[in-house]
There are 2 protein chains.
Amino acid sequence: MPRDRVTIQHVAKRAKVSLGTASRVLNGNKSVSPEIRTRVERAIMDLDYRPNAVAQSMRRGNSRAVGLMLREFTLPVLASFVRAVQNVLRGAEYSLILAGSEDQRQRELELLAALSSRRIDGLILTTSSEADEDLLRSREALQVPVVLLDRSVPASVDALLIDHRAGIRQAVSYLLNLDHRRIALLTGSENVRPAAERVLGYRDAFEEAGMKPAPDLIRTESFTAEFGYKETLTLLGRQAPPTALIAGGIAMLPGVLRAVRQKGLRVPEDVSIIGTCDSDLAELGTPPISVLRWDYAVLGRAAAELLLDRLQGDRHRPPHRIEVEAELVIRGSCAPPPDVSRRRRGGQERTTRKLRSGVSA
Amino acid sequence: MPRDRVTIQHVAKRAKVSLGTASRVLNGNKSVSPEIRTRVERAIMDLDYRPNAVAQSMRRGNSRAVGLMLREFTLPVLASFVRAVQNVLRGAEYSLILAGSEDQRQRELELLAALSSRRIDGLILTTSSEADEDLLRSREALQVPVVLLDRSVPASVDALLIDHRAGIRQAVSYLLNLDHRRIALLTGSENVRPAAERVLGYRDAFEEAGMKPAPDLIRTESFTAEFGYKETLTLLGRQAPPTALIAGGIAMLPGVLRAVRQKGLRVPEDVSIIGTCDSDLAELGTPPISVLRWDYAVLGRAAAELLLDRLQGDRHRPPHRIEVEAELVIRGSCAPPPDVSRRRRGGQERTTRKLRSGVSA
DNA sequence: TTGAAAGCGCTAACAG
DNA sequence: CTGTTAGCGCTTTCAA
């Protein structure tokens, strides 16, 4: 049977001081004589005393814990986001309470309630929907500073935003320059920012090139690999299949590749592919896949710092909004579409194409 | 300015009952008249009251939170472990406090102290060292049930163990049967179980085949991709380089592949490779990589259930020990070593080789 | 069945 | 500089 945990009372008794004085030493209060301070510190060591954070929270009215609610954190990039958050928080002696919503509204609601009960001091999150009333209300009810990740929001909260629109515009332009015309964009439902922005970027690129996108090639439903897989299968089974696919979601690439492989198609000879998140697979696969990427570790650090800033500083400063760029990394997964290649091999003349600037290697 | 959070006092007042009665309703105590119960429930709804978990913890002496300390959780497989843990815990209304140690002793110590302060009710962890006195003492000091993940330990705690030894034995046998003789094993320091077991399995296989392993091909230092990269580079630069490489760590495969690619070698023609953890890269790469794998989601669920069992049941039952098998998944990354192939192409006779049974496809 | 009151471990305000 | 004390929000005796 575990003997009772040692409390500040025990420390006080052993150091032969009052409880209040022991507390003062613990909290680094100036007004304690050196001699007594030493005595107390001694007692703390001897007893291996560890302050009860629960009692401290109770008394101080804060928990020194922050919640982190994401769709999931199984994806390496999100995990690296979590790690960055954690590293910053650790330095400030905050604990991290993890909450994976699996993108389900009901679960989000439950988790928000649980976090509320725990009286977290702050919250970093991305929600399944941006408009849902209940969700918004639950978040409000927490009455704590919030940092939103890649969701568009009322102007009142801090947020980290990824510039998907410019990223996708760049990717699509690149494909257009390779003479692709039937470019499919697979991404999540447009009621969240990343998907909506990607669709805008897609249209931007076509418009900029003075073209109209083929209808029906923008598929917005889910960010999952599963959706990428099924949709790719469907698209590639069409009469006039797309010649290029953009996997618009950080988990989607494996699904798309699986489908392409299942169809027995080669990348990039038969179909070009651009991912929307870097990974070992994209980097070391054969061929390596060109991707749009941004640094989640940087995002994580920024998110945590934004939150700490509010927690420790001015809770009423105007909200910050940090936007990060998506970088197009060209690797080996894109080539001119097969019909063009054929024409070329046939020796037909072609107008020169210039690679748009701003595309990095 | 956030108006004060509503407490059980407010609920009691509004329902015109005593605080104690309100509490009873909250806790589903039988002895409350239906009428009053309704009134209180009504008040709870009206006020959107959320019990203060901090105060509850204080009073009850438990926190309904468990700590999860891993080397890191950036790896997809570990993240899926975390997710499984979380899913089980959520059902039991426990929160998860995440702690990534980055495999650093000092950080582990700090995190353990922080978790102790928070009065977590239980802990799931893997430590950087199995023998370290301070670590052991800190863990003891927590005085809570512990589930250890893939570490060998005093017989007193619950543990989940992966049978690396049998797994590696199987993998090495497979390679020996392909006529490999110079088989390198890259893994972490032998002072933790997975590495130690892998080395044993490696020796087992050679012994079983009546052979002696070439010296200097067991490289035990670190589980990182970085180590895999550097060591592979070194090994492949030798006079007599290994013809097969086993990446003995869940993060190591990308490093090994990177090095192989950098050397301009082909898999499996020039060198055979076996990974020790499944991944998108292993599954969808070209060629797909043969791996030893086990199910981390199952492990996570088991870990959480083991812990809950203790938390909610008999805290003094004898410790459980769950061992999971590693399955060898044969894909396309292994072939006979180049010299053998050459000999073969030359038409030389060869003794028949039988594929050892127990190797799954 | 209900109310009153003690006390979990701690911090901070107040007195000395 | 130090000791005493109230009270954070809640659960749980103990009485009624």
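Proteins come first, then strands; the chains are lettered A, B, ... in the order of their sequence lines, and each starts at number 1. These numbers come from the heavy atoms of this one structure, side chains and all, not from hydrogens, waters or symmetry mates. Given the structure is predicted, the values throughout are model-derived calculations rather than measurements.
The listed nucleotides are D:dT12, D:dT2, D:dG9; the one nearest the side chain of B:N52 is D:dG9. Comparing D:dG9, C:dC10, D:dG3 by their nearest atom to the side chain of A:R24 picks out D:dG3. In the set C:dG9, D:dC10, D:dC1, the nucleotide with an atom closest to the side chain of B:A55 is D:dC10.
A close approach under 4.0 Å does occur between a side-chain nitrogen or oxygen of B:T21 and OP1 or OP2 of C:dG3. For D:dG3, one of the phosphate oxygens OP1 or OP2 lies less than 4.0 angstrom from a side-chain nitrogen or oxygen of A:S18. Taking only side-chain nitrogens and oxygens, A:S57 never comes nearer than 4.0 Å to OP1 or OP2 of D:dC8.
The residue A:V54 sits apart from the nucleic acid: no heavy atom pair falls under 4.0 Å. Within the nucleic acid shown, A:S33 comes within 4.0 Å of sugar-phosphate atoms alone, with no base atom in reach, counting heavy atoms only. B:T7 comes within 4.0 angstrom of sugar-phosphate atoms only, judged by non-hydrogen atoms across all strands, and of no base. Counting non-hydrogen atoms under 4.0 angstrom, B:G20 reaches a base of the nucleic acid.
Other residues, nucleotides and ligands contribute at most 12 non-hydrogen atoms within 6.0 Å of the CZ atom of B:R42.
Of the N and O atoms on the side chains of A:D134 and A:S138, not one donor lies less than 3.5 Å from an acceptor on the other residue. For A:R151 and A:T126, the side-chain atoms include at least one donor-acceptor pair closer than 3.5 Å. Checked by atom type, the side-chain pair B:E108/B:T127 shows no donor-acceptor distance below 3.5 Å.
Regarding B:R5, its CZ atom lies at a distance of 10 Å from the P atom of D:dC10, rounded to whole Å. In this structure, the CG atom of B:N29 is 11 Å from the C1' atom of C:dT2, given to the nearest Å. Spacing between atom CD1 of A:I8 and atom P of D:dT4 amounts to 14 Å, rounded to whole angstrom units. In this entry the distance linking NE2 of B:H10 with C1' of D:dG9 reads 11 Å, nearest Å. Between the P atom of D:dG7 and the CE atom of B:M58 lies a distance of 15 Å, rounded to the nearest Å. For the pair B:Q56 CD and D:dC10 P, the computed distance is 7 Å after rounding to whole Å. For the pair A:Q9 CD and C:dG7 P, the computed distance is 12 Å after rounding to whole Å. In this structure, CG of B:N27 is placed 12 Å from P of D:dT13, rounded to the nearest angstrom.
A salt bridge is defined here as a Lys NZ or Arg NE, NH1 or NH2 lying under 4.0 Å from an Asp or Glu carboxylate O, and A:D121 with A:R310 fails to meet this definition.
Map A:R60 and B:L19 each onto its nearest nucleotide of DNA chain D; the residue landing nearer the 5' end is A:R60. Mapping B:P34 and B:R119 onto DNA chain C by nearest heavy atom places B:P34 at the nucleotide closer to the 5' end.
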